[in-house]
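Letters go in sequence order (proteins before strands), and every chain restarts at 1. This is a predicted model, so every value here is computed, not measured.
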Amino acid sequence: MADPLLISGFSMSSSVERYNHRVTEPKWQSYWTDKRCFESHEDPGKPKYYVLEMFPYPSGRIHMGHVRNYTMGDVIARFRRAAGYNVLHPMGWDAFGMPAENAAIERGVHPKSWTYENIATMRKQLKSMGLSLDWSREFATCDPEYYQHEQAMFIDFLAAGLVERKSSKVNWDPVDHTVLANEQVIDGRGWRSGALVEQRELSQWFLKISDFSEELLKALDTLENWPEKVRLMQRNWIGRSEGLLLRWQLKHAPKGIDELEIYTTRPDTLFGASFMAVAPDHPLAKAAAEKNEALAAFCEECRRMGTSVAAIESAEKKGFDTGIKAVHPFDPSWEVPVYVANFILMDYGTGAIFGCPAHDQRDMDFARKYGLPVLPVVGPREANAASAAATDKAYDGDGVMINSRFLDGLTPEAAFDEVANRLEKAALNGKPLARRKVNFRLRDWGVSRQRYWGCPIPVIHCKACGIVPVPKQDLPVRLPDDAKFDKPGNPLVHHPTWKHVHCPKCNAAAERETDTFDTFIDSSWYYARFASPHAGEPVDAKAGRYWLPVDQYIGGIEHAILHLLYSRFYARAMERTGHFNVSEPFASLFTQGMVIHETFRTHGGDWVLPSDAIEKDGAWVHAQSGETLTVGGVEKMSKSKKNVVDPDTIIESFGADTARWFMLSDTPPERDIEWTENGARGAWRQSQRFWRLVNEAAGHAPGAHGPKGLPLRRATHRTIAAITDDLSSLRFNRAIARIYELATALEEALPQAAADQSVAAAVRESADAFTLLFAPMMPHLAEECWAVLGHTTPVVATAWPVADPELTRVDEVTIAVQVNGKRRDEIRVAKGATREQLEPIVLNLDAVKRALDGKPVSKFIVVPDRIVNLVCAG
RNA sequence: GCGGGCGUGGCGGAAUGGUAGACGCUACGGACUUAAAAUCCGUUGGAGGAAACUCCGUGAGGGUUCGAGUCCCUCCGCCCGCACCA
């Protein structure tokens, strides 16, 4: 990495000494810490502003993605603080999770010490960035002081009926004796052990997020300051559908089963039904399989296929005819065959469907494969009824009902209602044949993990009393420090004493729950804990009312669904159990782009670190070996491709301000930003330029304003207004472009300042404003500049500059003059010039005369203060 | 397959339906210097022209409009999300 301080030496053209970030940055960081500049306190007299960036997982060291994320948050925090808000800007650690446990297994380091050591390293790194964080509120989710509240709330949720224990299928690694997340199953094998993953039924804890499906969906409409993309993703994830539960009478079914309930969103297509299909785990399938070996084998095959990746590969629809028949609800003489099919999911709807091939592509594929009838029942409005039958393409558009007896001629929508109304009134086995049902794709949240490094689930299993919550006075249930990681499986299960306890109810010997919580629970309420991180309850009522919700939340798009949806649910669950008073935790959400970088490889295909790649005569070579390198694509920084740049190195050689400035310049914050060395050097040069500029301006005293200083004053105040606007809406790249414009204006005015007192006064005013305007982005440089300008209170205690409306007012405007929509000239006129005033000026312009070429003007369009367009024939 | 987004100079990107390319990076030329670095000045969408200036130009084609990067339709390309959800 280039070191600008070393390259540049020390002789400079101007008398100003070079700005040295290595001295200045630590100096101001200690100042801010010593004066406790960023510690927040509730102040009902001031408007509050809570800025939060998604807290980091303490993986070891910070990466450039953190630098970008935390810089954006810091700019907002500093800007809002200067603008008079009481700002809360905290930081903590999402500290539970698998990597810590993996480190324990692989290297024998205890997860606890691994985690806290990483936190210490990363805290130091974050501090070197000069972030305006309230470190007094810091916590890690693995602190018992934090997770005890999580446990207490779980007990409250249990009492409130928000928790359920049920059996669920999981990916089980038979070698590691552990449950795997879907993304840990690669080609049907455990990612670590390589063993074939089995599907196992385990009793697990679930949080009943599905109780809130409708509300979580509806409230998305109120989140106007969330990206539309995220709201849409959540909408799709929740997946609301309106349909009908419909029971069909069965013939030739196994004993004790005489009907099949299905779920459909298209009851209008009922007369197009040609088969029924049930999931391989459906009770009907299981019952039928008992007396049918071939069917049993088929179901078993489907079950094995169920394991993630393999299932997606074989998109082929397969079924097995059970021989059972279902009777059509509107025609006792009409029977359709019942299949077991591999594409039917047991946990959606009722795990059973009726197939209407003409209007559903999956059903069509299935019908063609097994030679089942295809009868179109919805026709495009004008087409004739029979035409659709011959194709293999299902029609799912709107149209008009055909081949459907009493529904013929209706729209599908009206037919839906007609079918629903009739079947709701009809009866089968003494109950209505059908009822309307709103269904959701969203399922309950399984929170049990068979792991050590997580928050223990505070319940006790007693043979006599069943499940007994740990009494609150016994919390926290602490993780034992002396766990061993030498055997596969959950160390909490193997621990000699930890799980053996007495039942709180009957005092008999009992066992602790050895599962721990999904770490998404930890991050589902940490934002609330920051309001009162030392309170005896999860959230202090007064502090919560004051600080919550988060005004601006910033993080990666990868959390668009799970983390953000769980947090929204958690807020509601906490609200219901009296811990909280807001249902939506994040008023505004911003999702920032990734940091990307060029990739380098040797001819052998090995990835090479950018710091080992040097440019030589237009080609890239390896710094040590001299081997020629190929330059690959620009991709997300990742350890595997080695295209990473270490924040420590950047901060050491260029300074935190330069790194921050780079992260905000040029690229809009929501897009991916490419880290380039040239860009970083450019940012560094600009910081030096600002330093020199302010130093030169500092030689001029403030004073009375006069006409000669007016242009610079106008530029200054217009910039204040524009940047205030840009920062309010997170358009950092535009704010920076405007700062450059002001720097240029200031630079141009400086030479005249010695000769004219009013220019000097304007320069001085401009330099002050300029410094305050870039301060949120480059806070250390700004403090140093501010001191040079003679101020005795620091920038962090100085109010944001306010634009004088007198000076932002525009008196004269440039109007473009077009002929037939083409720009021919431009004129400067007084603001608000009328058509009558403009017409003679415009018609007299040479360029206009040339363009008109003597032709008469047929239309004279005036857009006040913007444009004039002359329309002429020909 | 379904849903969403995006295509503007060598590059990152500006642009309430109203002067396309602000601002920055790169590159090139020049000044300063013994030299370099740093700094400063200039040029930098394409074509033509000595210049004034003219023509073309926002993925392609069409449309609406006095006027389209922006709105509408069709197509091409790239990116992202969901993926048997009945």
Side-chain angles (χ1 to χ4, degrees), chain A residues 4 6-14 18 227-230 232-233 235-237 239-241 243-244 262-266 269 277 279 311-312 314-317 341-345 347-356 359-363 365-366 396 439-443 557-558 560-561 634 662 665-668 670-674 676-683 685-686 688-689 692 731 733-741 743-744 747 814-826 846-847 850-851 858-872:
Chain A
L6 295 182
I7 294 167
S8 55
F10 27 79
S11 78
M12 287 188 65
S13 59
S14 85
R18 186 175 292 278
E228 188 50 46
K229 183 185 168 76
V230 174
L232 190 74
M233 282 164 75
R235 232 170 250 136
N236 293 338
W237 188 261
R240 185 183 193 273
S241 66
L244 206 63
I262 57 103
Y263 178 70
T264 179
T265 56
R266 294 295 302 272
T269 65
I312 295 158
S314 68
E316 197 192 353
K317 313 274 171 283
N342 65 346
F343 64 95
I344 307 300
L345 306 173
D347 44 10
Y348 187 81
T350 63
I353 61 145
F354 82 82
C356 175
H359 305 291
D360 182 292
Q361 192 57 49
R362 270 176 330 214
D363 295 349
D365 296 345
F366 193 81
D396 61 359
N439 213 1
F440 293 92
R441 206 188 79 108
L442 181 66
R443 310 203 197 129
I557 186 79
E558 66 273 20
I561 296 173
V634 179
F662 180 95
S665 312
D666 300 343
T667 305
E670 68 279 7
R671 290 199 209 166
D672 290 351
I673 189 169
E674 186 186 353
T676 62
E677 177 127 350
N678 278 333
R681 272 204 298 269
R685 265 203 306 275
Q686 295 294 345
Q688 292 295 337
R689 176 187 174 214
R692 211 171 41 244
R731 287 175 296 200
N733 57 319
R734 282 198 354 189
I736 284 182
R738 295 186 201 287
I739 286 172
Y740 285 141
E741 283 173 331
T744 304
E747 226 160 30
T814 305
I815 291 185
V817 180
Q818 299 181 335
V819 176
N820 284 337
K822 273 192 176 160
R823 192 193 78 96
R824 294 297 166 179
D825 205 347
E826 59 182 39
D846 287 341
R850 250 197 324 271
S858 60
K859 230 174 180 180
F860 193 92
I861 294 154
V862 176
V863 181
D865 299 332
R866 299 217 73 118
I867 208 159
V868 171
N869 190 13
L870 308 187
V871 185
C872 72

Please state how far atom [atom1] in [X] lies from atom [atom2] in [N], giving the value in whole angstrom units.
X        : N     : atom1 : atom2 : value
A/Trp237 : B/C82 : CH2   : C1'   : 8 Å
A/Arg671 : B/G4  : CZ    : P     : 20 Å
A/Ile815 : B/G18 : CD1   : P     : 15 Å
A/Ile867 : B/U16 : CD1   : P     : 14 Å
A/Asn869 : B/U65 : CG    : P     : 15 Å
A/Glu747 : B/U39 : CD    : C1'   : 10 Å
A/Asp360 : B/A83 : CG    : P     : 18 Å
A/Ile861 : B/G67 : CD1   : C1'   : 7 Å

Any base atoms under 4.0 Å from [X], or only sugar-phosphate, or nothing? Heavy atoms, all strands.
X        : result
A/Arg824 : sugar-phosphate
A/Val863 : base
A/Ile673 : nothing

Please confirm whether the backbone N or O of [Y] pairs with a side-chain atom of [X], one donor and one acceptor, at under 3.5 Å?
X        : Y        : value
A/Arg441 : A/Trp237 : yes
A/Asn869 : A/Gly821 : yes
A/Thr269 : A/Cys356 : no
A/Tyr263 : A/Gly243 : yes

Can you give the dot-bracket line for RNA chain B, using ( ) for pairs inside the strand, [ ] for pairs that cross earlier ones, | for pairs with another strand and . for unpaired bases, where Watson-Crick and G-U count if both distances are under 3.5 Å?
(((((((..(((.....[....))).(((((.......))))).((((....))))..(((((..]....))))))))))))....

With rounding to whole Å, what would you report as the distance between [N] and [M] at their [atom1] atoms?
N     : M     : atom1 : answer
B/A51 : B/U74 : P     : 47 Å
B/C11 : B/G4  : C1'   : 27 Å
B/C53 : B/G5  : P     : 43 Å

Ignoring the backbone of [X], work out which of [options] is nearest its side chain.
X        : options             : answer
A/Ala816 : B/U19, B/A86, B/A14 : B/U19
A/Ser241 : B/C66, B/A86, B/C40 : B/A86
A/Thr667 : B/C66, B/G3, B/G13  : B/G13

Look for any protein N or O under 3.5 Å of an N or O in nucleotides 20-27 of chain B and output each such pair with its distance, or none.
{"unit_1": "B/A22", "atom_1": "O2'", "unit_2": "A/Glu741", "atom_2": "OE2", "d": "2.8"}
{"unit_1": "B/C25", "atom_1": "OP1", "unit_2": "A/Gln686", "atom_2": "NE2", "d": "3.4"}
{"unit_1": "B/U26", "atom_1": "OP1", "unit_2": "A/Arg685", "atom_2": "NH2", "d": "3.4"}
{"unit_1": "B/U26", "atom_1": "OP2", "unit_2": "A/Arg685", "atom_2": "NH2", "d": "3.3"}

Closest-nucleotide mapping onto RNA chain B: is A/Pro668 or A/Val817 further toward the 5' terminus? I mean the 5' end.
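The answer here is A/Pro668.
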
Evaluate side-chain hydrogen bond (donor to acceptor under 3.5 Å, both in side chains) for A/Gln688 paired with A/Arg685, printing each intermediate quantity in order.
CA-CA 5 Å; A/Gln688 292 295 337; A/Arg685 265 203 306 275; over 6 Å; no

Is A/Asp360 salt-bridged to A/Arg266, going by a charged N under 4.0 Å from an acidic O?
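Salt bridge: no.
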
Got a salt bridge between A/Glu228 and A/Arg235, using NZ or NE/NH1/NH2 to carboxylate O under 4.0 Å?
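A salt bridge links A/Glu228 with A/Arg235.
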
Output yes when at least one side-chain N/O atom of A/Lys229 is less than 4.0 Å from OP1 or OP2 of B/C6, else no.
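Checking B/C6 against A/Lys229, no side-chain N or O comes under 4.0 Å of OP1 or OP2.
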
With respect to the phosphate group of B/G17, does any side-chain polar atom (N or O) of A/Arg866 fall under 4.0 Å of OP1 or OP2?
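Answer no for this pair, as no side-chain N or O of A/Arg866 is under 4.0 Å from OP1 or OP2.
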
Side chains of A/Tyr740 and A/Ser665: donor-acceptor distance under 3.5 Å anywhere?
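No, A/Ser665 and A/Tyr740 have no side-chain donor paired with an acceptor closer than 3.5 Å.
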
Side-chain donor-acceptor contact under 3.5 Å, A/Thr744 with A/Arg689:
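The criterion, which ignores hydrogens and geometry beyond distance, is satisfied for A/Arg689 and A/Thr744.
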
Quick one: CD1 on A/Ile815 to CG on A/Asp825, what's the gap to the nearest 0.5 Å?
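Rounded to the nearest 0.5 Å, the CD1-CG separation comes out at 12.0 Å.
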
Syn or anti conformation of B/G9, syn meaning chi within 90° of 0
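You should classify B/G9 as syn.
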
